[in-house]
Amino acid sequence: MSSFSRYGDITSIDTTGASLETANQDRLGYSGIAASQALMATDLGRANHYRPLIYQVAHAHQIDPALIGAIASRESRVGAALVNGWGDNGNAFGLMQVDRRWHSPCGSYDSREHLMQATEILVGMIGAIKQKFPSWTKEQQLKGALAAYNMGPDKVNGYHNVDANTTGHDYSNDVIARAKWLKENGF
């Protein structure tokens, strides 16, 4: 098992991909895994720009770099959707959108410090979901943690409806589909 699979193997996590609401960011007109892949493909150049930083952070936290890249894609289109580093009506900061209502954002919007902080938040969510759902597999816990990264662990109520309360009702499914595509494309 590689150090990047400490929290589960993203390639074995089931996913339905992006909702039509999420896919409409790029006016795709379709949803699902293909939509997530298309969204990620649009963001690939920006993700590759940050690849060295993403790999440093991934190594430090023993988490798959494709997952960090996919979160940055979902949260900020790897920076393209930000205004002066901010998104979510000025409430969230950086490539991975650290919400200032819950955290004190660190570093510049595209810095190693920011990516470290956001990944630490994700790792904290993995711990919270492990504690809440100890019988889930590592992969299920990782998917639940992605949903919790978006809305908090208290709103994750079960695996089969993990995205019921997430933005677009697809957050973890979309991020997983984007991460799988990144991984398949050598990220």
Side-chain angles (χ1 to χ4, degrees), residues 2-8 10 18 22 25-26 36 39-130 141-156 166-168 170-172 174-183 185-187:
S2 79
S3 64
F4 290 146
S5 358
R6 176 179 180 186
Y7 300 109
I10 63 169
T22 298
Q25 288 177 6
D26 285 6
S36 294
L39 291 161
M40 190 68 247
T42 297
D43 296 341
L44 182 60
R46 288 183 300 280
N48 279 331
H49 174 78
Y50 293 109
R51 188 178 184 150
L53 281 178
I54 289 171
Y55 267 73
Q56 288 174 24
V57 171
H59 181 72
H61 289 290
Q62 299 180 343
I63 201 157
D64 198 308
L67 203 53
I68 295 171
I71 292 169
S73 172
R74 170 64 187 231
E75 289 287 346
S76 72
R77 303 307 300 268
V78 196
L82 302 177
V83 177
N84 298 320
W86 292 90
D88 189 22
N89 299 308
N91 289 312
F93 184 72
L95 298 177
M96 293 176 71
Q97 293 289 274
V98 172
D99 193 317
R100 70 179 178 174
R101 294 167 291 193
W102 303 100
H103 308 279
S104 296
C106 296
S108 63
Y109 80 95
D110 63 349
S111 66
R112 181 179 189 276
E113 191 176 8
H114 162 71
L115 292 172
M116 288 290 281
Q117 179 186 27
T119 303
E120 287 165 9
I121 292 167
L122 175 61
V123 170
M125 293 300 162
I126 294 169
I129 293 299
K130 270 184 175 180
Q141 290 168 345
L142 180 56
K143 189 173 180 180
L146 289 169
Y149 184 85
N150 177 250
M151 63 175 174
D154 293 345
K155 293 188 179 175
V156 177
T166 64
T167 304
D170 68 343
Y171 189 90
S172 69
D174 181 34
V175 169
I176 290 296
R178 291 183 199 215
K180 284 182 173 188
W181 186 89
L182 269 179
K183 196 167 187 75
N185 286 276
F187 197 87

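Keep in mind that what you see is a predicted model, and the values were worked out from it rather than measured. Count residues from 1 along the sequence. Worth knowing before you read on, the calculation uses all heavy atoms, side chains too, and leaves out hydrogens, waters and symmetry mates.
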Do Leu39 and Gln25 have side chains that get closer than 4.5 Å, going by heavy atoms? yes

NZ on Lys183 to CZ on Phe187, rounded to 0.5 Å: 10.5 Å

By the ring pair (Phe, Tyr, Trp, His ring centres under 6.0 Å) test, which pairs, at least two apart or in different chains, include something from residues 70-94? Trp86-Phe93

Once ring-ring contact (aromatic ring centres under 6.0 Å, His included) is applied, do any residues pair with Tyr149, and if so which ones, sequence neighbours excluded? none

Under 3.5 Å, is there a donor on one side chain and an acceptor on the other for Arg178 and Ser73? yes

Within the 4.5 Å heavy-atom criterion, are Arg51 and Asn48 side-chain neighbours or not? yes

Shortest non-hydrogen pair, Val123 vs Tyr7, comes out as CG1-OH, 3.5 Å

Say whether, by atom type as modelled, one donor and one acceptor occur between the side chain of Asn185 and the main chain of Trp181 under 3.5 angstrom. yes

Show the nearest heavy-atom pair for residues Ala70 and Ala179, with the distance to one decimal. CB-N, 3.4 Å

Run the side chain to side chain donor-acceptor pair (under 3.5 Å) check on Thr22 and Asp174 step by step: do they pass? CA-CA 9 Å; Thr22 298; Asp174 181 34; 4.9 Å; no

If I compare all heavy atoms of Cys106 with all of Ser111, which pair ends up nearest, and what's the gap? O-OG, 4.4 Å

Hey, what do you get for CD (Glu75) to CG (Asp99), rounding to the nearest 0.5 Å? 9.5 Å

Arg77/Asp26 salt bridge by N-O under 4.0 Å criterion: yes

Do Leu115 and Gln56 touch side chain to side chain, with heavy atoms closer than 4.5 Å? no

Considering all heavy atoms, the nearest Ile54-Ala47 contact: CD1-O, 4.2 Å

To the nearest 0.5 Å, what is the distance between CG on Leu95 and NE2 on His49? 9.0 Å

In Å, rounded to the nearest 0.5 Å, how long is the span from CD1 of Ile126 to NE2 of His61? 10.5 Å

Here the gap from Ser172 atom OG to Leu142 atom CG, rounded to the nearest 0.5 Å, amounts to 9.0 Å

Between Val78 and Gly69 the two heavy atoms that sit nearest each other are CG2-O, 4.4 Å

ring-ring contact (aromatic ring centres under 6.0 Å, His included) partners of Tyr109, counting only residues at least two apart: none

Worked verdict on His103 versus Ile121 for side-chain contact (heavy atoms from CB on, under 4.5 Å): CA-CA 9 Å; His103 308 279; Ile121 292 167; 3.7 Å; yes

Under the side chain to side chain contact (heavy atoms under 4.5 Å, CB included) test, residues paired with Thr167 that sit two or more places apart: Arg74, Asn150

Verdict with supporting geometry, Met151 and Val156, side-chain contact (heavy atoms from CB on, under 4.5 Å): CA-CA 8 Å; Met151 63 175 174; Val156 177; 3.6 Å; yes

Heavy-atom side-chain proximity of Thr166 to Leu146 below 4.5 angstrom: no

Would you say Ser76's side chain and Ala72's backbone share a donor-acceptor pair under 3.5 angstrom? yes

I'd like to know if the side chain of Asp88 and the backbone of Gly90 have a donor-acceptor N/O pair within less than 3.5 Å. no

Looking at every non-hydrogen atom in both residues, tell me the closest pair between Ala92 and Gln97 and how far apart they are. CB-OE1, 3.1 Å

Side chain proximity check, Leu67 to Thr119, heavy atoms < 4.5 angstrom: no

Do Tyr50 and Val57 touch side chain to side chain, with heavy atoms closer than 4.5 Å? no

Under the salt bridge (Lys or Arg N to Asp or Glu O under 4.0 Å) test, which residues partner Arg112, sequence neighbours left out? none

About how many Å separate CD of Gln117 and OG of Ser104, when rounded to the nearest 0.5 Å? 7.5 Å

Apply salt bridge (Lys or Arg N to Asp or Glu O under 4.0 Å) to Lys180 and list each qualifying residue two or more places apart in sequence or on a separate chain. none

Counting distance only, does the side-chain N/O of His114 pair as donor-acceptor with the main-chain N or O of Pro105 below 3.5 Å? no

